[in-house]
Amino acid sequence: MPTIAIVGDIFPQAPLPGSAELADVRNLLRAADVAFGNLETPVSTRGAPAEKWINMRMPPDLLAEVRDLGFDILTLANNHMLDFGELAFRDTLDHLLARDLLCVGAGLDLEAAWRAEIVRLGEFKVAFLGAASTLSPGSAAAEGKPGVAPIRVSESYQVDPHASLEQPGSAPYVHTCAWREDVERAIAAVEAVRRDADFVILAMHWGVPPFWRSRFQDGLADYQVEVGRALIDAGVDVIVGHHPHSLQEVEIYRGRPIFYSLGNFVFHHNRGPVRDTPVSRHAPYGVSVKRRNRNWSETIIVLAEIAADGALSCTLQPALLDAVGNPRLLRGDEAGALIARLDELSPNASVSYRDGRGYLHLD
């Protein structure tokens with residue numbers, strides 16, 4: 001039975017420890033036929049920082065740590081991949097190639113960014129795609145322009161004057177809608193690869209971290225449900241989300257799972273050369289590195305399994321990041337509590353717990 005291990009955001013800034021806890025994680029990933037995650041950083045020592053709020057990058061030698069953990073394929077579609085410009089992005093592609101790591105979700109032009117990687121697992125062919133709705137300025141791929149596969153989003157703001165009278169200073173309600181042409185481009189990419197593959201797994205960098213949203217509007221943004229369901233309709237079998245840096249709900253739509261956010265997987269504090277950018281200095285808000293808490297630390301590893309008859313199942317391994325940002329597998333009551341919370345978060349899915357893992361009901 002082929003198994004695909006899928007995780008959330010990956011951002012190492014130091015060598016990984018040789019601990020028993022991390023060995024358990026490594027063994028789990030290596031036991032899978034393929035391991036897939038989001039590389040939340042360019043891999044380079046070159047380039048100039050883009051004019052944005054946070055700039056991240058990873059020393060090339062740490063890519064060996066990612067490979068050693070068991071990863072085979074990475075999505076590059078995220079809001080940090082162009083943090084140090086086109087030069088660092090091209091370096092990233094070269095370093096991944098040198099480490100025999102496949103990548104999706106970004107490329108030297110729009111066609112390359114939407115190009116799928118197809119991996120044969122026994123008698124099945126599994127296609128991987130990546131896209132992002134969280135786009136830093138100038139990071140979207142276009143014809144003749146490097147970047148990430150974009151699904152852009154428009155926003156509108158609704159102010160309730162009656163509520164504002166009683167609650168002066170309240171945040172407006174934010175409505176979101178994906179760009180039609182980008183959704184159509186995504187659907188075309190899915191339909192094209194579906195003709196050559198038995199299963200399609202698509203990674204989406206999207207959503208809003210909890211502390212960026214008003215409490216009365218906490219949860220998913222409108223466009224996520226719109227885009228997720230459109231991609232399932234087009235033929236995607238599993239959607240895996242990341243970017244909010246916290247575990248968010250799962251939805252079962254037409255018998256297929258949409259994991260809106262798996263949370264962080266390996267996520268160290270940013271040790272790059274840019275900590276205090278002109279953009280962040282002049283922003284009316286700030287985010288402290290001390291903000292890491294249980295929400296930022298809980299995560300799941302999805303083990304998507306394909307039975308001999310082609311049936312899909314998803315087992316969920318709970319994990320927790322330590323203070324540095326390295327994961328350990330949860331067991332016993334801790335594992336049960338995390339799965340119970342995920343089930344409570346997910347009104348459109350049912351997750352049961354047994355023997356240290358969660359089991360997603362797809363029917």
Report summary line: All heavy atoms of Ser246 vs all of Ser261, minimum pair found to be O-OG, 2.7 Å
Query raised in the report: Arg328: what forms a side chain to side chain contact (heavy atoms under 4.5 Å, CB included) with it, not counting sequence neighbours?
Result: Glu21, Leu320, Leu330, Glu334
Query - Heavy-atom closest pair, residues Val250 and Ser346 - result: N-OG, 3.0 Å
Requested in this report: Answer yes if the ring centres of His245 and Phe267 are under 6.0 angstrom apart, and no otherwise.
Outcome: yes
Query raised in the report: Any ion pair linking Arg152 and Glu181 (charged N to carboxylate O, less than 4.0 Å)?
Result: no
Requested in this report: Tell me yes or no: between the side chains of Tyr260 and Gln224, is some donor less than 3.5 Å from an acceptor?
Outcome: no
Query raised in the report: Is the centre of the Tyr223 ring less than 6.0 Å from the centre of the Trp179 ring?
Result: no
**Report entry** Under 3.5 Å side-chain donor-acceptor pair for His242 and Asn78
**Finding:** no
Report task. Any salt bridge (Lys or Arg N to Asp or Glu O under 4.0 Å) involving residues 337-357? Give me the pairs, sequence neighbours left out, ordered by first then second residue. Result -> Glu298-Arg341
Report task. Indicate whether any N or O donor in one side chain lies under 3.5 Å from an N or O acceptor in the other, for Asn79 and His205. Result -> yes
**Report entry** Side chains of Gln158 and His175, donor plus acceptor under 3.5 Å
**Finding:** yes
Report task. Using a strict cut-off of less than 4.0 Å between a Lys/Arg side-chain nitrogen and an Asp/Glu carboxylate oxygen, indicate whether Asp24 and Arg331 qualify as a salt bridge. Result -> yes
Report summary line: side-chain hydrogen bond (donor to acceptor under 3.5 Å, both in side chains) pairs touching residues 63-74, sequence neighbours excluded, are Arg26-Asp68, Arg30-Asp68
Distance-only check: which donor-acceptor pairs under 3.5 Å involve side-chain atoms of residues 113-135, not counting sequence neighbours?
residue, atom, partner, partner atom, Å
Lys125, NZ, Asp196, O, 3.0
Ser133, OG, Ile151, O, 2.7

Query raised in the report: Other than Met1, what residues sit in its cluster of Ile, Leu, Val, Met, Phe, Trp and Tyr side chains whose heavy atoms are under 4.5 Å apart, directly or through others?
Result: none
Requested in this report: Indicate yes or no: does Lys52 engage Asp83 in a salt bridge with an N to O separation below 4.0 Å.
Outcome: yes
Query raised in the report: Taking all atoms of both residues into account, what is the closest heavy-atom pair of Pro150 and Ala140, and its distance?
Result: CB-CB, 3.8 Å
Requested in this report: Return the minimal non-hydrogen interatomic distance between Thr41 and Ile10, and the atom names on each side.
Outcome: CG2-O, 4.3 Å
Query raised in the report: Going by the ring-ring contact (aromatic ring centres under 6.0 Å, His included) test, which pairs reach into residues 324-353, not counting sequence neighbours?
Result: none
